[in-house]
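The next block holds one structure in the form of structure tokens; read it before the comments.
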Amino acid sequence: MEAAIISTPLGLLLLKGSQEGLCAATFIEEEEAITKAIPVALQEAVKQLKEYFAGERSHFDLSLTPKGTTFQQKVWMELCTIPHGKTTTYLAMAKQLGDPKVIRAAASANGKNPISIIIPCHRVIGSDGSLTGYAGGLHRKKWLLEHESPVTQGSLF
């Protein structure tokens with residue numbers, strides 16, 4: 001397992017993965033040294049994330065290997081279908097998964113997403129349009145949604 005810490009407009013992001021794929025991209029709050037020599041297994045993820053933050057990429061093309069339950073994997077796959085610049089709600093997501101009663105389980109799986117940004121859990125909002133929980137912090141969720149918004153004037157939230 002390889003690891004690297006990169007600097008982003010939202011703070012430090014810890015990436016973990018191998019030749020099989022990326023298994024984690026998580027924000028870290030503590031001060032850590034930025035990785036100078038990015039491991040080969042993580043170079044494409046770093047390149048694509050830099051393009052994303054520069055506004056040059058709206059879709060990631062990476063092999064992903066997140067670890068989770070079968071249900072969590074299903075939720076994370078569903079998250080990947082939310083288009084760049086769009087949002088959905090937890091209820092709509094539960095319905096997409098086939099059962100509106102799984103809304104809490106879907107929200108929980110969303111919160112356990114180990115690959116921030118690339119598996120776009122930030123695109124899920126409350127039914128009333130509010131920003132609801134985000135493991136990386138609501139300030140980051142707000143930034144990401146504004147970054148992806150096709151509307152550039154003003155603030156979404």
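The analysis underlying the following values was restricted to heavy atoms, covering all of them including side chains, and did not include hydrogens, waters or symmetry mates.
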Carefully, step by step, assess Leu97 and Phe71 under the rule side-chain contact (heavy atoms from CB on, under 4.5 Å).
CA-CA 10 Å; Leu97 292 165; Phe71 181 76; 4.2 Å; yes
Taking the side chain as every heavy atom from C-beta outward, state whether [X] and [Y] have any pair of such atoms under 4.5 Å apart.
X: Gln43; Y: Val46; answer: no
X: Leu144; Y: Tyr134; answer: yes
X: Lys142; Y: His122; answer: no
X: Leu131; Y: Leu145; answer: yes
X: Thr87; Y: Ile82; answer: no
X: Val102; Y: Met93; answer: no

Keeping [X] on the side-chain end and [Y] on the backbone end, is there a donor-acceptor pair under 3.5 Å?
X: Ser116; Y: Ala25; answer: yes
X: Glu2; Y: Val40; answer: no
X: Asn110; Y: Val124; answer: no
X: Thr35; Y: Ile38; answer: no
X: Trp76; Y: Ala109; answer: yes

Glu44: salt bridge (charged side-chain N to carboxylate O under 4.0 Å, His left out) partners, not counting sequence neighbours
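For Glu44, the residues satisfying salt bridge (charged side-chain N to carboxylate O under 4.0 Å, His left out) (neighbours in sequence not counted) are Lys47.
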Which heavy atom of [X] sits nearest a heavy atom of [Y], and at what distance?
X: Gly126; Y: Thr89; result: O-CG2, 3.7 Å
X: Pro114; Y: Pro66; result: CG-CB, 3.6 Å
X: Gly111; Y: Ala135; result: O-CB, 4.0 Å
X: Gly133; Y: Lys141; result: O-NZ, 3.4 Å
X: Met1; Y: Gly17; result: SD-N, 3.4 Å

Can you list everything that forms a ring-ring contact (aromatic ring centres under 6.0 Å, His included) with Phe53? Sequence neighbours excluded, please.
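Expected list: Trp143.
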With under 30° as parallel and over 60° as perpendicular, where do the rings of Tyr52 and Phe60 fit, or are they tilted in between?
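Tilted.
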Salt-bridge test for Glu20 and Lys67: reply yes if a basic N is under 4.0 Å from a carboxylate O, no otherwise.
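Answer for the salt bridge query: no.
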Spacing of [atom1] belonging to [X] relative to [atom2] belonging to [Y], to within rounding of 0.5 Å:
X: Ile119; Y: Leu64; atom1: CD1; atom2: CG; result: 5.0 Å
X: Leu12; Y: Ile6; atom1: CG; atom2: CD1; result: 9.0 Å
X: Ser7; Y: Glu32; atom1: OG; atom2: CD; result: 13.0 Å
X: Leu138; Y: Ser130; atom1: CG; atom2: OG; result: 9.0 Å
X: Ile28; Y: Leu13; atom1: CD1; atom2: CG; result: 8.0 Å
X: Leu10; Y: Ile117; atom1: CG; atom2: CD1; result: 6.0 Å

Using the rule that two of Ile, Leu, Val, Met, Phe, Trp, Tyr join whenever any of their side-chain heavy atoms come within less than 4.5 Å, decide whether Leu79 and Leu91 are in one cluster.
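Same hydrophobic cluster.
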Chi angles and distances behind the side-chain contact (heavy atoms from CB on, under 4.5 Å) call for His84, Arg123:
CA-CA 8 Å; His84 181 89; Arg123 296 181 188 153; 3.6 Å; yes
Checking side chain to side chain donor-acceptor pair (under 3.5 Å) for the pair Ser108/Lys112: CA distance, chi angles, key distance, verdict?
CA-CA 6 Å; Ser108 175; Lys112 289 181 172 68; 3.1 Å; yes
Under the side-chain contact (heavy atoms from CB on, under 4.5 Å) rule, what do Thr8 and Leu49 come out as? Steps first, then yes or no, please.
CA-CA 9 Å; Thr8 76; Leu49 281 162; over 6 Å; no
